[in-house]
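If you scroll down you'll find the structure; I have some questions about it.
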Amino acid sequence: MASFERASPALKEILLRIYNAEKPIEVDYHLYEFGSVEYHIKSSVSEPQVTYLSISTPFLSQGVFLSYGLSPFTLKMVRQISTDVLHIVEPANDGYQLTLRLDFSKLPHNKESLKIITEVSSVQAVILSSQLKEMLQNVNSWDSSQGMYKPIKLIYHPKEPFYVIRQPQKIVAVFPMRFKDNSDVIIATSFFQELMDVVSLKKWAKVPPCNWSPIPPLELRGESFEDLSTNGGFVSFDISSHHVEGKRLDKTVWSLLNFYAYVKHHVKCTRGFIQRRMRRRLDNLVKVLEKSRVEDGQIKKVQGWRKMRKMVGSKSKMIKRRWGDLGKKIKRIRFRIKIHGFARFRRRWLTVPSFSSSTAYTKLQTNGNNN
């Protein structure tokens, strides 16, 4: 599941370790993260204040926006992290899309240093979000050569693609929703329906309109069947020009990239809430059963829901004992019933006939006079 944090926790820990080291250390790490992301961190004793960071990350889209690698807009967004500490090395190292030179000697010795290292650790999120920003900033463009009305498939994490569709005066983002468990489908469906009801209120008139449908929208006609086969339906958001103005652009982009993660987080929390409520109801039921009395007059005490099975087992034994006694009474009553003439009928018709075996020996009776 995608993380709500932009910074990579592992990358942040390694950079802080290099920065806080009392003596220069030799570092040559290859770090791999979910989503085919690879980092190469290298630091040498000869240059203790310089660290090289190389990044390999899949492109958000293989469309026309990224035909020639990282765009100038993406490189500009990366440079804005810190113009003093961070420098882009051109060309990048082999096998990587981007190589950064980090000069820790220019980091301020206060809390600002932690902030800058955290922003450097979020460089992969900056790359992906800048690609989506470049698409959303051209909302009002009317150029069919850039894929007007043709869905652009975006992949933030494997097996979780979503689509961006250009339309006049707006862009539609469509999310195919997939879940492993049927219970998650039920929770997510109710969540999507509630989300549509909330967005339709006047209080939330400025947020992007949300729609949910169990079938794919017409704009996705022609896409592969594998991408459109879902069990949770399709959620779409209509993004207008005022949703990508100023600081709203960054919030809109980050919300779209983490929509899958947000839904899964909501489903997981809801499932946990339901399970807690069920355990609480079961505990209340146990308390009621503790007050009940067994036939011998003693109170059956049960502590917690884990001993319910033991109590149910004792109840079943008692029921079996009662039915056993009743069965014995029925047998005694049955043996007392006599039918006149039944013994003669049984001797004549219900006896098993005896058959002589072909291999048996026959005893010969000899007469004493023939000796």
Side-chain angles (χ1 to χ4, degrees), residues 2-3 5-19 21 24-107 113 115-137 146 152-158 161 249-250 253-254 257:
S3 176
E5 297 182 1
R6 304 193 185 194
S8 170
L11 179 59
K12 180 180 177 180
E13 182 180 354
I14 295 173
L15 294 179
L16 286 175
R17 177 184 172 187
I18 297 173
Y19 174 70
I25 57 176
E26 193 82 17
V27 174
D28 192 355
Y29 283 148
H30 287 271
L31 178 64
Y32 300 89
E33 289 187 345
F34 179 76
S36 301
V37 181
E38 180 183 355
Y39 300 100
H40 182 206
I41 307 100
K42 189 173 183 180
S43 177
S44 61
V45 179
S46 59
E47 292 182 290
Q49 300 296 334
V50 177
T51 301
Y52 291 92
L53 173 62
S54 298
I55 304 148
S56 175
T57 178
F59 289 149
L60 190 62
S61 173
Q62 301 296 332
V64 295
F65 294 97
L66 307 171
S67 300
Y68 305 99
L70 297 178
S71 64
F73 179 78
T74 300
L75 298 177
K76 178 182 177 182
M77 296 296 297
V78 173
R79 290 191 183 97
Q80 289 180 357
I81 294 177
S82 178
T83 56
D84 297 332
V85 179
L86 184 146
H87 302 278
I88 298 177
V89 178
E90 295 182 357
N93 294 341
D94 294 338
Y96 299 92
Q97 287 87 15
L98 183 65
T99 299
L100 304 177
R101 183 180 183 272
L102 306 176
D103 190 356
F104 288 157
S105 62
K106 296 183 179 181
L107 277 174
S113 60
K115 180 181 179 181
I116 294 176
I117 291 178
T118 304
E119 292 178 354
V120 172
S121 303
S122 62
V123 62
Q124 192 257 351
V126 173
I127 294 174
L128 295 180
S129 60
S130 63
Q131 297 170 8
L132 184 55
K133 286 179 182 179
E134 194 172 1
M135 300 177 190
L136 298 181
Q137 283 180 343
Q146 294 184 357
I152 302 175
K153 184 179 178 180
L154 307 178
I155 301 177
Y156 182 39
H157 280 286
L249 176 61
D250 187 68
V253 168
W254 194 244
L257 291 178

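All values reported here derive from a predicted model rather than from experimental measurement. Atom set for the values below is all heavy atoms of this structure, side chains included, hydrogens, waters and symmetry mates excluded.
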Checklist line | Flag side-chain contact, heavy atom, 4.5 Å: L70 against Q131 | finding: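 With C-beta onward as the side chain, the pair touches.
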Check: Can E119 and S82 be said to form a side chain to side chain contact (heavy atoms under 4.5 Å, CB included), step by step?
Finding: CA-CA 8 Å; E119 292 178 354; S82 178; 5.7 Å; no
Margin query: As a test of understanding, state which of L107, L102, L86 forms a side chain to side chain contact (heavy atoms under 4.5 Å, CB included) with I116.
Written below: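 With I116 as partner, side chain to side chain contact (heavy atoms under 4.5 Å, CB included) holds for just one option, L107.
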Check: In this structure, are over 12 heavy atoms from other groups packed under 6.0 Å from Y29 atom OH?
Finding: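 Not more than 12 within 6.0 Å, no.
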Next item on the list: Starting from the C-alpha separation in whole Å, work towards a yes-or-no answer on side chain to side chain contact (heavy atoms under 4.5 Å, CB included) for V120 and L53.
Entry: CA-CA 10 Å; V120 172; L53 173 62; 4.2 Å; yes
Next item on the list: Quick one: pull up CG in L100 and CD1 in I81 and give me the separation to the nearest 0.5 Å.
Entry: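 Nearest 0.5 Å value for the CG-CD1 distance: 7.5 Å.
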Check: Could you state the interatomic distance from OG (S113) to NZ (K115), rounded to the nearest 0.5 Å?
Finding: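 Here the interatomic distance stands at 11.5 Å.
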Next item on the list: Would you tell me whether Y96 and E38 have side-chain atoms, one donor and one acceptor, within less than 3.5 Å of each other?
Entry: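 Yes, side-chain donor-acceptor contact under 3.5 Å.
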Note to self: Quick one about D103 and S105 (side-chain donor to acceptor, distance below 3.5 Å, no hydrogens or angles considered), yes or no?
What the structure shows: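 Judged by distance alone, the side chains do pair up.
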Next item on the list: Take I41 and I18 through the test side chain to side chain contact (heavy atoms under 4.5 Å, CB included) and record every step on the way to the result.
Entry: CA-CA 10 Å; I41 307 100; I18 297 173; 3.9 Å; yes
Next item on the list: State, without any angle test, whether E134 and S71 hold a side-chain donor-acceptor pair at a distance under 3.5 Å.
Entry: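 There is such a pair (donor and acceptor under 3.5 Å, judged by atom type) between the side chains of E134 and S71.
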Item checked: Nearest-0.5 Å distance that lies between atom CG in L128 and atom OG in S122 ->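 The distance works out to 11.5 Å.
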Note to self: For the CG atom of L15 and the OG atom of S43, what is their distance to the nearest 0.5 Å?
What the structure shows: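 Answer rounded to 0.5 Å: 10.0 Å.
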Next item on the list: Give a yes or no on whether D28 atom CG has more than 12 heavy-atom contacts from other residues, nucleotides or ligands under 6.0 Å away.
Entry: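 Enclosed.
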Margin query: Distance check, rounded to the nearest 0.5 Å: H40 atom NE2 versus I55 atom CD1?
Written below: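 The distance works out to 12.5 Å.
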Notebook entry, point to check: Should we count CD of E13 as having more than 12 external heavy atoms under 6.0 Å?
Noted result: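 For E13, atom CD is not crowded (no more than 12 foreign heavy atoms under 6.0 Å).
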Check: Are L98 and I88 side-chain neighbours, meaning at least one heavy-atom pair lies under 4.5 Å?
Finding: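 Yes, close enough: below the 4.5 Å cut-off.
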Notebook entry, point to check: Do S8 and S121 have side-chain atoms, one donor and one acceptor, less than 3.5 Å apart?
Noted result: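 No, because no side-chain N or O of S8 sits under 3.5 Å from a partner of the opposite role on S121.
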Next item on the list: Identify the two heavy atoms, one from I127 and one from S130, that lie closest to each other, and give their separation to 0.1 Å.
Entry: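 Closest heavy-atom pair between I127 and S130: O-OG, 2.7 Å.
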Note to self: If I take atom CD from residue E47 and atom NZ from residue K42, how far apart are they, to the nearest 0.5 angstrom?
What the structure shows: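 Output value for this atom pair is 10.5 Å.
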Note to self: side chain to side chain contact (heavy atoms under 4.5 Å, CB included) for L60 and I155? Distances and angles first, verdict last.
What the structure shows: CA-CA 5 Å; L60 190 62; I155 301 177; 5.8 Å; no
Notebook entry, point to check: Relative to each other, are the rings of F104 and Y19 parallel, tilted or perpendicular (30° and 60° limits)?
Noted result: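 Ring orientation, 0 to 90° scale: perpendicular.
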Next item on the list: Locate the shortest heavy-atom distance separating W254 from R6; write the atom from each residue and the value.
Entry: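 Here W254 and R6 meet closest at CZ2-CG, 3.1 Å.
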Next item on the list: Identify the heavy atoms of S129 and V126 that sit nearest to each other, and give their distance.
Entry: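 Shortest heavy-atom contact: OG-O, 3.2 Å.
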